[in-house]
Protein chains: 2
Amino acid sequence: MYRIGELASSFKVKNDTLRFYEKHGLLTPSHRSESGYRLYTEQDKKILSFILRAKTVGFSLADIHELLSIEVDKDNNACADVKIVVDAKLEEVERKIAELSHFQKSLKQLSDACCGGSGSAAQCTILEALESDINNLRPEHHHDEQE
Amino acid sequence: MYRIGELASSFKVKNDTLRFYEKHGLLTPSHRSESGYRLYTEQDKKILSFILRAKTVGFSLADIHELLSIEVDKDNNACADVKIVVDAKLEEVERKIAELSHFQKSLKQLSDACCGGSGSAAQCTILEALESDINNLRPEHHHDEQE
DNA sequence: CTTGACCTTTGACTAATGTCTAAGGTTTAT
DNA sequence: ATAAACCTTAGACATTAGTCAAAGGTCAAG
């Protein structure tokens, strides 16, 4: 079991952040010592890891709470509701992946054009790099026009 | 050219948000009318699109500002600095993609286990699904039971 | 020319996500 | 058995990213 300071420092967050997550129902330590100290288990540690990882890819604490609340139970009649939530999150994740793949491509182009790279540096900003494959990747966008 | 309200409503953001981005150096309209109205070009529209997309994948406005400031110029002696920034962002993007791919796999498992899927629902929460990935990297069972 | 929908600015307000302070109790090492 | 380093709570403060309100200017339609 970990005390708050141990868990916090091992993830480079503040003790206060863990108390904050607890207050908001995201991570409640599984135990308390006799004197009231929070005691976190390995499972609690995994939950914290999940929270922090989900945050880095743009999920809010509310989103994360929802993700953590998912419990699949095939015999439960709320199952269809769960599937709706799961599938919605799955779609969101897939949209994010597509977005990031696009950024990745553009950043690679820029990186390759840097410092005497063979690239023409015709795309010298991320916007131009993004645009250079916008027509392949994002058919939703159409032509430029001026008013 | 678009006035603020046109651009804002076409991206479902508030006029105030555009003024906020301007104040923070993210998106300055290319023109002003004689009477002082902001006038946005197609290029400005692309910048806004970029800002909003980058936000959904977890970049802060400060990150986005940095991304927008990247300008590759092979003849410029600041080029190495640019490459450092670009490569750092590229790594960040790749970490995010890896994170999301992991989530995606887990959510798929949960979705498949839902509502009479053949899956054992042994992984009934996202945490368990995430963990099962660590041991068992084979996400292949198809569902065929009655619904 | 007036009306209403738009725009301007400045500055105050809000929500989400922490972070810090104060006043005190606990644990561990010397 | 006392200091150092932990922990507790409640509540104030900070930062990020907007959002709203007030007081007024602009523009197209009737």
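All of these numbers come straight from a predicted model, not from anything done at the bench.
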Donor-acceptor under 3.5 Å ([X] side chain, [Y] main chain):
X	Y	answer
A/Glu6	A/Arg3	yes
B/Lys96	A/Thr56	yes
B/Ser69	B/His65	yes
B/Ser49	B/Lys45	no

| Interface with DNA chain D, restricted to residues 27-47 of chain A and to heavy atoms under 4.0 Å |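 Result for residues 27-47 of chain A: A/Arg32, A/Gly36, A/Tyr37, A/Arg38, sorted by number.
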| request: Would you mind reporting whether A/Phe103 and A/Leu130 have side-chain heavy atoms less than 4.5 Å apart? | output: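 Contact flag for A/Leu130/A/Phe103 side chains = yes.
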Once side-chain hydrogen bond (donor to acceptor under 3.5 Å, both in side chains) is applied, do any residues pair with [X], and if so which ones, sequence neighbours excluded?
X	value
B/Glu99	A/Arg53
A/Lys46	B/Glu131
B/Glu94	A/Gln104
A/Asp63	A/Ser60, A/Lys89

| query | When you match A/Lys23 and B/Leu61 each to their closest nucleotide on DNA chain D, which lands nearer the 5' end? | reply |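 With A/Lys23 and B/Leu61 compared, the 5'-side residue is A/Lys23.
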| query | Which residue pairs pass the salt bridge (Lys or Arg N to Asp or Glu O under 4.0 Å) test when at least one of the two sits in residues 23-33 of chain B, sequence neighbours left out? | reply |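 Listed by first then second residue: B/Glu22-B/Arg32.
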| query | Quick one: how far along DNA chain D does chain A reach, first to last nucleotide 5' to 3', anything under 4.0 Å to a heavy atom? | reply |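 Answer, 5' to 3': D/dC6 to D/dT9.
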| field | DNA chain C contacts made by residues 11-22 of chain A, counting heavy atoms under 4.0 Å | value |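 Here the set is A/Lys14, A/Asp16, A/Thr17, A/Phe20, A/Tyr21.
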| task | Only counting residues at least two apart or in another chain, list the ones meeting salt bridge (Lys or Arg N to Asp or Glu O under 4.0 Å) with A/Lys14. | result |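 Listed in chain order: nothing, the list is empty.
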| Mind checking what makes side-chain contact (heavy atoms from CB on, under 4.5 Å) contact with A/Ser10, not counting sequence neighbours? |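 So A/Ser10 forms a side-chain contact (heavy atoms from CB on, under 4.5 Å) with A/Leu7.
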| message | By the 4.0 Å heavy-atom rule, please label A/Lys55 as base, sugar-phosphate, or nothing. | response |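 The residue A/Lys55 makes sugar-phosphate contact but no base contact.
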| field | Partners meeting ring-ring contact (aromatic ring centres under 6.0 Å, His included) with A/His24 (sequence neighbours left out) | value |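 Checked A/His24 against ring-ring contact (aromatic ring centres under 6.0 Å, His included); matches are A/Phe20.
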| Hey, where on DNA chain C does chain A first and last touch, going 5' to 3'? Cut-off is any atom under 4.0 Å from a heavy atom. |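 So the outermost contacting nucleotides come out as C/dT17 to C/dT27.
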